[in-house]
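The structure appears below as structure tokens.
Chain naming here is simple, since letters A, B, ... match the order of the sequence lines and numbering starts at 1 in each.
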Amino acid sequence: MELPKTYDPKITEDKWYAHWLKHKFFKSTPDERVPYTIVIPPPNVTGVLHMGHMLNNTIQDVLIRMKRMQGFNACWVPGTDHASIATEAKVVALLKEKGINKSDLTREEFLKYAWEWKEKYGGIILKQLEKLGASCDWDRTRFTMEEDLSAAVIDVFIDLYNKGQIYRGVRMVNWDPQGLTAVSDEEVIHKEVNSKLFYVKYKIEDAEEWITIATTRPETILGDTAICVHPDDERYKHLKGKKAIVPIINRAVPIIFDTYIDMEFGTGALKVTPAHDINDYNLGVKHKLEVIDTIAPDGKMSAAAQFYIGEDRFAVRKKIAKDLEEMGQLLKTEDIKNKVGYSERTNAVIEPRLSMQWFLKMDIISKPALDNVLNGEIKLIPEKFTNTYKHWMENVHDWCISRQLWWGQQIPAWYDNKGNTVVCKTKTEAIEKLKVKNPDVKSEDVKQDEDVLDTWFSSWLWPISVFDGFKEPNGKDINYYYPTNDLVTAPEILFFWVARMIIAGYEYRGQKPFTNVYLTGIVRDKQGRKMSKSLGNSPDPIELIEKYGADGVRVGMLLCSPAGNDLPFDESTCEQGRNFSNKIWNAFRLIKGWEVDANIVQNEASKIATEWFDAKLNEQLNQINDLYSKYRMSEALMCTYKLVWDDFCAWYLEMIKPEFVDGKSLPIDKETYDATIIFFEKILKVMHPFMPFITEEIWSLIKVRGEKDCIIVAEWPKVEIFKDRIVPNFKNDLLIWETSLKNIFSDFEIIKEAIKFIRTVKLRRNIKHQENIEVISLPLLQEEISLNYWKNIIKKITNCNLIITHEGLIKTNYDCWINGKMDFFIAKKDAKSIEDIEKLIGELRYTQGFLDMVVKKLSNEKFIANAKPELLANEQKKQADAEAKIKALEEQLAGLK
RNA sequence: GGGAGCUUAGCUCAGCUGGUUCAGAGCAUCUGCCUUACAAGCAGAGGGUCACUGGUUCGAACCCAGUAGUUCCCA
């Protein structure tokens, strides 16, 4: 079979994904194995895949695939979130295009449209995840508004209400005038904007005196019910007991005194509008002020305002400023920067607004969620988020859980016509319950609360509800999979979602929902801006996959994304990922092309090469396992990358590559070939979690395999203890034959340097690789054994004739590489040049300096007294090495003079 | 306004208990090579006052204090 020169992901990806599905490799059912579980952070059902999802789900897939290979019963539960506000907004907009207003529809009609729309377009995102290679158990796909999950939400609401944890009340909430609903504190984004500070004069009642206040919101003047100043403010002390006249509306309001006021800000006098500002509201409660709500839910002036009725608040701001100016009561305006809250979902400016809402008390219920993160029962990765988490949990406010929307779980609260409220599942039940308080209640008098619950009030149950933990609290699934293992999500929703899941977990299972929370960064563009649809700076992930292959994009994303760090996304890393795919593909082509001859005896270089790579592979595997266990994903990937590209391709394959004679590759011996296949299979396995498609493809081509013999379910390589390798080592000048992993690697580092030296000389002299060159090496006695071990590798890789000698002759016309342990010389036709001598002198000077430093350190009594013995020994060794090197350099130089 | 974090090569980041396996990796850059696995490649090279200023220490990228810049969280 002819293999193409470059790897083409297009012909393999869909094929293998279908194959995996066909053999149900993603499927998980409880069995005797240990489970490894991840629940997906459910994307909005209306969503399309963006780069954040890509990163997030790549990490989850890597974890799931690795654990699956390690023998865990890996279960990744997918699903979508009904996303009340976002989805409703989308449906409203769509209906509007068709000329239908939401207000003209009944709740039932609207929901019918919404469900139709969901069935048609919802879940596109899950299909897109397949392209990425996500190995979710699709049979377990859930939706937060499906029947069972909604039932759980309702049950939880009723339960918490009965426990006294849920209450209803008028509070100041964050009102989204566009979505026409309350939103939680967490859904408000504060942005700094340029604003104007208006200085407005209010007349003092029955006096020819004025008081000037400063405000950024003159449109709320109509709702003013007091003026507030600091009790210590000398400027205003005489106004005690006086009233001020609110301009335009001419209402007399009291002047109150409160230490809340910042005397430095503006004029030190504040207009108090309890209906439209949380701080003013608190002042109002304290001083028993009247509340006049002058802004309607849609952000336009209400009838209570009396003026400008029906006009938008921002239009009124300008208008009122103009009117005040004409009245001579606008003293001046100043440009300032202040923070304004925006709705996360609709980007409308949030209006603080008093309204009747449902709340969940957070103080008691959130306690275990705080404790168990602080005590390490649940780990946040990276750890730095624990601080933020702690801060938030210690200052947590009651959670406003009602939303004035239709798309979502309708609140199971029922009201009669006499102001009684009951909370229960059905209307029939409600009537029964209401009869206790109101015996004459009629069915038509009983109305259900119009509002739905916050979306997060359903997604906080996700790790329990996806396993039907509410429907069957003792079910097989929930008992087996819960608590789950890892959660991978963005830090933005640490409070929205993660904290609340932990709360629900302890409240309803008495157990944490997961053990580790891996917080990914935010994907940003090159300029550091967050990727967003409105900026148009987000590449389409599906297009990226088509361009670089899913494996390439996965590698690209992970290469630059340590946990918790933002990811400045640059397509070039995907290119690197694609190039890596190609590298592996070509290594495969090379191996595949070899002809095996069972009669050939393994040569010495190949023998050493397999010994070395075996050791290297095990060492790196150990390293990779360790990095995974610390969730250092990009480092695990980099380690894998270097193992494959550098150690396997650049060194190992070069060491064992059969020679080319007469335009034809010689056959390879069976022993080396078999070892190579085993190595290759192992590194394919290690690569698989990162690059599932190409590894599966090569896995299937490298050997004849059965349908189900797939790498996705192959066993993760075990770290084998490396013990039957004997390399020379020296202790206290005595030659000791001992087993040592460390030596084979540090030895090889010196050999690599020697090889580099020979290559450089050949390159500089324009000697082709095929052309042989004579190299002389003068090793110290101790190093000779080591050199003998590696000599065939050196010969093979550099194509040289290596002569090992002890004649301490100074070579005047040689290129040399001197390290004091094993010096290398290559003869040259012309004599030593000045540059060569200078280079040697430079080297000598540096080594001398280094030695001086070590000697100084060793002659420092305090150092000797304080340093650990190992450190001391190490310093002594450094001294000896440096002295040997200096001696060799000096001899060399002496010969040149 | 309160709190937390960050600042190491052109870029993205490692650097654990202070000590040449401490100044590292990948990418990018530069210079040679179309050498029969791979130019999506190979070989080689050059990049850093570890933000700044002081302190502790025999010894500081690392510990302490302050300054600047920056990001996030809360109000």
#### Entry: Minimum side-chain heavy-atom gap A:Y389-A:I502 below 4.5 Å
yes
### Query
OP1 or OP2 of B:A25 sitting under 4.0 Å from any side-chain N/O of A:Y641?
no
### Task
Could you tell me whether the phosphate oxygens of B:A37, OP1 or OP2, come under 4.0 Å of any side-chain nitrogen or oxygen in A:K657?
yes
### Message
Please report the distance separating the P of B:U31 from the corresponding atom of B:C13, rounded so that it comes out in whole Å.
### Response
29 Å
#### Entry: Side chain of A:L763 - closest among B:G44, B:A39, B:A37
B:G44
### Message
Of the options B:A37, B:A25, B:C27, whose atoms approach the side-chain atoms of A:A587 most closely?
### Response
B:A37
### Task
Give the nucleotide from the list B:C74, B:U36, B:A40 with an atom nearest to the side chain of A:F660.
B:U36
#### Entry: Near-ring test A:F648/A:F679, centroid separation under 6.0 angstrom
no
#### Entry: Distance-only donor-acceptor test, A:E654 side-chain atoms vs B:A37 base atoms, 3.5 Å
yes
### Task
Would you check if A:M393 and A:I503 make a side-chain contact, meaning some heavy-atom pair closer than 4.5 Å?
yes
### Message
From the set B:C27, B:A43, B:C73, return the single nucleotide nearest to any side-chain atom of A:R759.
### Response
B:A43
### Task
Figure out the CG/C1' separation between A:N387 and B:C72, and round it to whole Å.
12 Å
### Query
Considering only the C1' atoms, how many Å lie between B:C11 and B:A28, rounded to the nearest integer?
7 Å
### Message
For A:K630, is there an ion pair with A:D626 - N to carboxylate O distance below 4.0 angstrom?
### Response
yes
### Message
Over 60° means perpendicular and under 30° means parallel, so tell me whether A:W651 and A:F748 are parallel, tilted or perpendicular.
### Response
perpendicular
### Message
In whole Å, I'd like the distance from the CG atom of A:L559 to the P atom of B:A25.
### Response
16 Å
### Query
Which nucleotide in the set B:C38, B:C27, B:C74 lies at the smallest distance from any side-chain heavy atom of A:Q576?
B:C27
### Query
Hey, is the side chain of A:H397 poking within less than 4.0 Å of OP1 or OP2 on B:A75, counting only N and O atoms?
yes
#### Entry: A:I755 vs A:E492, nearer the 5' end of RNA chain B by closest nucleotide
A:I755
## Note on the structure
Syn within 90° of 0, anti beyond: B:G55 is anti
### Query
Is any side-chain heavy atom of A:T676 less than 4.5 Å from a side-chain heavy atom of A:I656?
yes
### Query
Should A:K547 and A:E571 count as an ion pair when the cut-off is N to O under 4.0 Å?
yes
#### Entry: A:W585 and A:F588 aromatic centres sub-6.0 Å
yes
### Task
Can you figure out which of B:G44, B:A40, B:A37 approaches the side chain of A:N582 most closely?
B:A40
#### Entry: Gap in Å between the two C1' atoms, one belonging to B:G48 and one to B:A9, rounded
5 Å
### Query
Whole Å only: how far is the CD1 atom of A:I797 from the C1' atom of B:U35?
15 Å
### Inter-nucleotide C1' distance (B:C63, B:C50), Å rounded
16 Å
### Query
Closest to the A:R632 side chain: B:C27, B:A37, B:G15?
B:G15
### Task
Determine the Euclidean distance between corresponding P atoms of B:C6 and B:U17; express it in Å to zero decimal places.
14 Å
#### Entry: Contiguous pairing runs of three or more, Watson-Crick or G-U under 3.5 Å, that involve RNA chain B
B:1-7 with B:68-74, B:10-13 with B:24-27, B:29-33 with B:41-45, B:51-55 with B:63-67
### Task
Tell me which nucleotide among B:G5, B:A37, B:G2 gets nearest to the side chain of A:K384.
B:G5
### Task
Go through B:A37, B:C42, B:G44 for me and flag the one nearest to the A:W645 side chain.
B:C42
### Task
Could you label the plane-to-plane angle of the A:F496 and A:W456 rings as parallel, tilted or perpendicular, counting under 30° as parallel and over 60° as perpendicular?
parallel
### Task
Look at A:N579 and B:G41 and indicate whether a side-chain polar atom (N or O) is within less than 4.0 Å of OP1 or OP2.
yes
### Message
Please evaluate residues A:S581 and A:Y548 with respect to the criterion side-chain hydrogen bond (donor to acceptor under 3.5 Å, both in side chains), reporting the C-alpha separation (whole Å), side-chain torsions for both, the decisive distance (0.1 Å), and the verdict.
### Response
CA-CA 9 Å; A:S581 301; A:Y548 300 104; over 6 Å; no
### Query
Using atom C1' of each nucleotide, how far apart are B:A43 and B:C62 to the nearest Å?
37 Å
### Task
Would you kindly compare A:F385 and A:E635 by the position of their nearest RNA chain B nucleotide and give the one closer to the 5′ end?
A:E635
### Task
Using the C1' atom as the reference point in each nucleotide, state the distance between B:U57 and B:A65 in Å, no decimals.
16 Å
### Query
Could you state the CZ-C1' distance from A:F757 to B:G44, rounded to the nearest angstrom?
14 Å
### Query
Would one find a side-chain N or O of A:K878 under 4.0 angstrom from OP1 or OP2 of B:G19?
no
### Query
NA contact type, A:K583, heavy-atom cut-off 4.0 Å: base, sugar-phosphate, or nothing?
base
### Message
Just the rounded figure in Å: distance from C1' of B:C33 to NZ of A:K762.
### Response
14 Å
### Query
Can you check the A:K390 NZ to B:G5 C1' distance for me, whole Å?
15 Å
### Query
Are OP1 or OP2 of B:C38 and a side-chain N or O of A:R578 less than 4.0 angstrom apart?
no
### Task
Return the value, rounded to whole Å, for the distance between atom CZ of A:F569 and atom C1' of B:C27.
14 Å
### Task
With P as the reference atom in both, quote the distance from B:U8 to B:C16 in angstrom, rounded to an integer.
16 Å
### Message
Output the rounded distance in Å from CD1 (A:I694) to P (B:A40).
### Response
16 Å
